Amino acid sequence: MSGLSNAAKEIHNLLIANQGSSLAQEEILEHFKGKDLGEDKIESVADLMKHIQELLNRQLINLSQQGTTLKFSGVDLKQASKISNMSQDEAMIYSYIEGSGREGIWTKTIKAKTNLHQHIVLRCLKSLENQSFIKSVKSVKHPTRKIYMLYHLTPSIEVTGGPWFTDSELDTEFIDSLLIIIWRFIANKTYPNLFGTEGNKAQLYEFSVGLNNAPDVAQINKFIRGSGITNIELTDDDVRSLCDVLCYEEKIEKLEKFGKVDSYKVTWHSVEEAVKLDESEGDVAPIFTFYDNHKVVNAIDIENPDQNYYLDAYLNQ
């Protein structure tokens, strides 16, 4: 930063140290109050603005207004060098795109804010995009709009729609696959050894209801991450929203009444439905039967009902 006064360098260092936030002139003045800066001084607003102008001339500072308060934020040297090589129109458009953060900004909004002709706006956007300074992204909220943001930023969930969208389209196949996987995981926790294999046919084994093993959202998410099912990083809130869908469909239920926060068990109704579906496809041997108004799992001996496993205690909870 050759050519800058010592005071301007100190101001720049202060602003860079506070990256992510901006400072008002009163805060900057308070920081340098009583400090010896050699021949330079920052004792008044006039002193401060003289050195601020030095930084503005070098593209080393950004100005913003919050209400009636003028605030300043630092620009690192690499970024300043990039901006200094832009045309005046490109730098102005870039500053508005930068200010939009991860939400991005619509081309029509850029035109309105800069008051530039559309042809100039489009030319500058193309130039900035070719240099990988900015990029265009699709918004699920406004699919027909062209949104721009800085090249290195990741669009916010409000823009992308989160993990449930692919190329701005709701990925129902991905969602349905996760719902099946989550149900199966909870089912195996609710009823240990629920599904096994015998030859090429799935079987439902004898089991007891395992409420103590009922998984919570964090455990379900850990299973999904460890299984390699998807490369998309899901948050616990994402998993919880999927569990809410399964609850709505009455395939699982929360165990809050048992004092287990955020934990789930499958409904017996969903087990019945899964079995009926498998049997209708001809891939699964009969798994259970009904008689004497009881649910029976793996009916080992129809002639001797005492040899079977009943779930009335669970069903009557």
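Everything quoted here is computed from the prediction, not taken from an experiment.
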Say whether, by atom type as modelled, one donor and one acceptor occur between the side chain of [X] and the main chain of [Y] under 3.5 angstrom.
X	Y	result
Thr267	Glu250	yes
Ser44	Asp47	yes
Ser270	Lys251	yes
Asn130	Lys126	yes
Asn18	Leu23	no
His31	Ile11	no
Ser22	Lys71	no
Thr114	Ile110	yes
Glu30	Glu27	no

Does atom [atom1] of [X] have more than 12 heavy-atom neighbours from other groups under 6.0 Å away?
X	atom1	result
Lys135	NZ	yes
His117	NE2	no
Asn115	CG	no
Gln118	CD	no

For Leu56, all residues meeting side-chain contact (heavy atoms from CB on, under 4.5 Å), sequence neighbours excluded: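 Scan of Leu56 (side-chain contact (heavy atoms from CB on, under 4.5 Å), adjacent residues dropped) gives Ile52, Gln53, Ile61, Leu63.
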Between [atom1] of [X] and [atom2] of [Y], what distance do you get to the nearest 0.5 Å?
X	Y	atom1	atom2	value
Ile97	Met92	CD1	CE	11.5 Å
Asn221	Ile182	CG	CD1	8.5 Å
Glu90	Leu125	CD	CG	9.5 Å
Leu255	Ser263	CG	OG	6.0 Å
Leu60	Lys9	CG	NZ	11.5 Å
Glu26	Leu48	CD	CG	9.5 Å

Please name the residue in the list Ile93, Ile105, Leu128 that meets the side chain to side chain contact (heavy atoms under 4.5 Å, CB included) test with Ile134.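 Exactly one option meets the side chain to side chain contact (heavy atoms under 4.5 Å, CB included) with Ile134, and it is Leu128.
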Assigning hydrophobic clusters by single linkage (Ile, Leu, Val, Met, Phe, Trp, Tyr; side-chain heavy-atom cutoff under 4.5 Å), is Ile180 placed with Phe174?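 Different clusters: Ile180 never reaches Phe174 through Ile, Leu, Val, Met, Phe, Trp or Tyr contacts under 4.5 Å.
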Cluster link Tyr151 to Trp106, ILVMFWY, side chain under 4.5 Å: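 Looking at the clustering, Trp106 is in a separate group from Tyr151.
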Before giving the answer on side-chain contact (heavy atoms from CB on, under 4.5 Å), spell out for Lys138 and Ile147 the whole-Å C-alpha distance, their side-chain angles and the decisive distance to 0.1 Å. CA-CA 6 Å; Lys138 290 183 178 180; Ile147 306 294; over 6 Å; no
Would Glu233 and Arg225 pass as an ion pair if we require N to O under 4.0 Å?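 Arg225 and Glu233: salt-bridged.
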Test: Asp237 and Arg240 ion pair at under 4.0 Å: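 So Asp237 pairs with Arg240 through a salt bridge.
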For [X] versus [Y], what's the shortest heavy-atom pair and its separation?
X	Y	value
Gln219	Pro215	OE1-CA, 3.1 Å
Cys247	Tyr264	SG-CE2, 3.8 Å
Ile120	Leu116	CG2-CD1, 4.3 Å
Val75	Ile16	C-CD1, 3.7 Å
Val121	Lys111	CG2-CA, 4.2 Å
Met86	Tyr94	CE-CD1, 3.6 Å

Side chains of Ser127 and Gln131: donor-acceptor distance under 3.5 Å anywhere?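 Their side chains do contain a donor-acceptor pair, which is all the 3.5 Å distance test asks for.
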Asp244 and Ser241 side chains, donor-acceptor separation under 3.5 Å: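 There is no such pair (donor and acceptor under 3.5 Å, judged by atom type) between the side chains of Ser241 and Asp244.
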I'd like to check [X] versus [Y] (side-chain heavy atoms, cut-off strictly below 4.5 Å). Are they in contact?
X	Y	answer
Met149	Val137	yes
Met49	Gln25	yes
Thr109	Lys113	yes
Ile28	Leu15	yes
Phe72	Asn62	no

What do the steps show when you test Phe32 against Leu14 for side-chain contact (heavy atoms from CB on, under 4.5 Å), and what is the final call? CA-CA 10 Å; Phe32 288 106; Leu14 171 65; 3.8 Å; yes
For Phe223 and Phe185, take the angle between the two ring planes, folded into 0 to 90°, and tell me which bin it lands in: parallel under 30, tilted 30 to 60, perpendicular over 60.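 It falls in the parallel class, under 30°.
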Would you please test Ser136 and Glu129 for side-chain contact (heavy atoms from CB on, under 4.5 Å) and show each step? CA-CA 8 Å; Ser136 63; Glu129 198 168 10; 3.5 Å; yes
